[in-house]
Amino acid sequence: MKLPEAYYQSDDVVGLAKDLIGKYLFTRFDGMVTGGYIVETEAYAGVIDKASHAFGGRNTPRTSTMYLNGGVAYVYLCYGIHEMLNIVTSVEGQPHAILIRAINPTLGLDVMQARRNMAVIKPNITMGPGSVAKALGISRKVNAISLKSDILWLEDKGLVISESDIIAAPRVGVDYAGDDALLPYRFYVKGNPYVSKPRKP
DNA sequence: GTTATGATCTCCT
DNA sequence: GGAGATCATAACG
């Protein structure tokens with residue numbers, strides 16, 4: 001059921017980012033399993049991508065996780081407030097990663113609702129990278145954890161999103177990346193209510 | 001040691 | 001439509 005390690009070791013991050021659409025993502029903390037299927041991702045293509053933390057081969061205590069062998073999680077804090085979950089791909093030394101921007105929750109909705117302090121469940125419970133991490137209970141404590149662990153993993157449940165329902169678009173929040181900000185490295189499911197909206201200008 | 005800033009979200013007007 | 005929250009990280013002195 002879990003995706004095999006080899007799945008993550010493809011060199012084609014962008015292709016993987018698209019393929020991850022429709023795969024299931026689960027976490028287990030304190031015995032509570034929560035998760036759903038991925039409806040939005042963004043690829044960060046290693047050292048040649050200005051939007052990537054590893055651009056130009058930058059390797060620091062934080063980004064060293066991205067250089068690990070594919071199949072681990074890269075979690076970091078952004079804006080001092082939000083944790084973000086990435087899937088590291090490719091082989092050791094190749095800092096490719098995929099940001100999980102949104103999932104369609106299917107399991108443990110009540111737990112996620114409590115984690116988000118929401119009175120009512122609305123689509124924004126797992127809409128946007130910061131929200132996904134919070135709803136799933138993900139924090140920097142699981143940075144660099146293996147995806148074949150029982151804490152955080154992905155599954156292929158045979159859900160197929162039709163090719164025509166997967167849209168490619170420019171990434172969000174990376175204006176500082178110059179030309180690379182325009183690359184169509186963001187993928188999402190057309191019409192899915194959990195897909196985040198691009199930020200305003 | 002100091003300083004600028006971000007792969008964002010939420011609430012307010 | 002817009003600002004504030006809030007801090008680890010990275011670059012620099």
Side-chain angles (χ1 to χ4, degrees), chain A residues 8 13-18 20-21 25 38-68 70 72-90 94-105 112-145 152 167-188 192-201:
Chain A
Y8 303 104
V13 237
V14 179
L16 271 183
K18 183 176 180 185
L20 279 176
I21 301 286
L25 170 68
I38 298 168
V39 297
E40 185 179 1
T41 62
E42 272 178 16
Y44 285 84
V47 300
I48 59 161
D49 182 353
K50 292 199 194 75
S52 169
H53 292 160
F55 172 65
R58 195 165 38 187
N59 191 340
T60 64
R62 177 178 67 161
T63 62
S64 63
T65 303
M66 296 177 81
Y67 289 82
L68 299 176
V72 299
Y74 169 44
V75 183
Y76 76 98
L77 184 69
C78 191
Y79 294 104
I81 301 183
H82 306 289
E83 322 261 2
M84 310 243 189
L85 170 66
N86 296 251
I87 308 296
V88 175
T89 71
S90 194
Q94 219 30 280
H96 289 177
I98 298 169
L99 174 68
I100 307 299
R101 291 192 57 88
I103 70 172
N104 186 325
M112 294 193 245
Q113 183 184 5
R115 284 180 183 141
R116 299 266 290 128
N117 290 318
M118 295 175 79
V120 213
I121 292 178
K122 293 179 292 194
N124 71 354
I125 188 168
T126 52
M127 182 169 74
S131 303
V132 170
K134 185 160 191 197
L136 294 180
I138 290 166
S139 72
R140 280 163 293 156
K141 287 186 219 157
V142 297
N143 182 39
I145 202 173
L152 176 59
I167 312 291
R171 292 172 292 184
V172 178
V174 294
D175 300 341
Y176 59 85
D179 294 341
D180 288 348
L182 303 174
L183 295 169
Y185 283 2
R186 169 173 177 249
F187 299 94
Y188 63 91
N192 186 285
Y194 295 95
V195 173
S196 71
K197 305 212 172 18
R199 275 198 290 168
K200 324 226 159 175

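What you see is a predicted model, and the numbers here were worked out from it, not measured in a lab. To find a chain, count down the sequence lines: A is the first, B the second, and so on, and within it residues start at 1. Quick note: numbers below take in every heavy atom, side chains included, and nothing from hydrogens, waters or symmetry partners.
A:Tyr79 has its OH atom 14 Å from the P atom of B:dT10, to the nearest Å. The interatomic distance linking A:Glu83 (CD) with B:dG6 (P) rounds to 19 Å, in whole Å. Residue A:His82 contributes atom NE2, which lies 19 Å from atom P of B:dT5 at whole-angstrom precision. Between the C1' atom of B:dC9 and the CZ atom of A:Arg115 lies a distance of 18 Å, rounded to the nearest Å. Rounded to a whole Å, the CG atom of A:Leu77 is 13 Å from the P atom of B:dC9. For the pair A:Met127 CE and B:dT8 C1', the computed distance is 12 Å after rounding to whole Å. To the nearest angstrom, P of B:dA7 lies 7 Å from CZ of A:Arg62. Across the protein-nucleic acid pair, A:Lys50 atom NZ and B:dA7 atom C1' stand 16 Å apart, rounded to whole Å.
Across all strands, A:Arg116 comes closer than 4.0 Å only to sugar-phosphate atoms, never to a base (heavy-atom distances). Residue contacts for A:Ser52: at a heavy-atom cut-off of 4.0 Å it reaches no nucleic acid atom on any strand shown. At a threshold of 4.0 angstrom between heavy atoms, the contacts of A:Arg140 are confined to the sugar-phosphate backbone, with no base atom among them.
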Kindly determine whether A:Leu85 and A:Val142 satisfy side chain to side chain contact (heavy atoms under 4.5 Å, CB included), including the steps that lead there. CA-CA 10 Å; A:Leu85 170 66; A:Val142 297; 6.0 Å; no

Dump the intermediate steps for salt bridge (charged side-chain N to carboxylate O under 4.0 Å, His left out) on A:Glu83 and A:Arg140, then the final yes or no. CA-CA 7 Å; A:Glu83 322 261 2; A:Arg140 280 163 293 156; 3.3 Å; yes

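Comparing B:dC9, B:dG6, C:dT6 against the side chain of A:Ile81 picks out C:dT6 as the nearest. When the nucleotides B:dA7, C:dA10, B:dC9 are ranked by their closest atom to the side chain of A:Ser131, B:dC9 comes out on top. In the set B:dA7, B:dG6, B:dT10, the nucleotide with an atom closest to the side chain of A:His53 is B:dA7.
In this entry C:dT6 has no Watson-Crick or G-U wobble partner, no candidate having both defining distances under 3.5 Å. When both distances must be under 3.5 Å, the Watson-Crick or G-U wobble mate of B:dC12 is C:dG1.
Electrostatic pairing of A:Arg171 and A:Glu42 does not count as a salt bridge here, judged by no charged N lying under 4.0 Å from a carboxylate O.
With A:Asp180 contributing its side chain and A:Lys50 its backbone, the two residues share a donor-acceptor pair below 3.5 Å. Between the side chain of A:Thr63 and the main chain of A:Met66, no donor-acceptor pair closer than 3.5 Å is present.
Phosphate proximity of C:dT9 to A:Arg58: absent, as no side-chain N or O sits under 4.0 Å from OP1 or OP2.
In this structure, A:Tyr44 forms an aromatic stack with the base of B:dA7, since both conditions hold: centre separation below 5.5 Å and plane angle below 30°.
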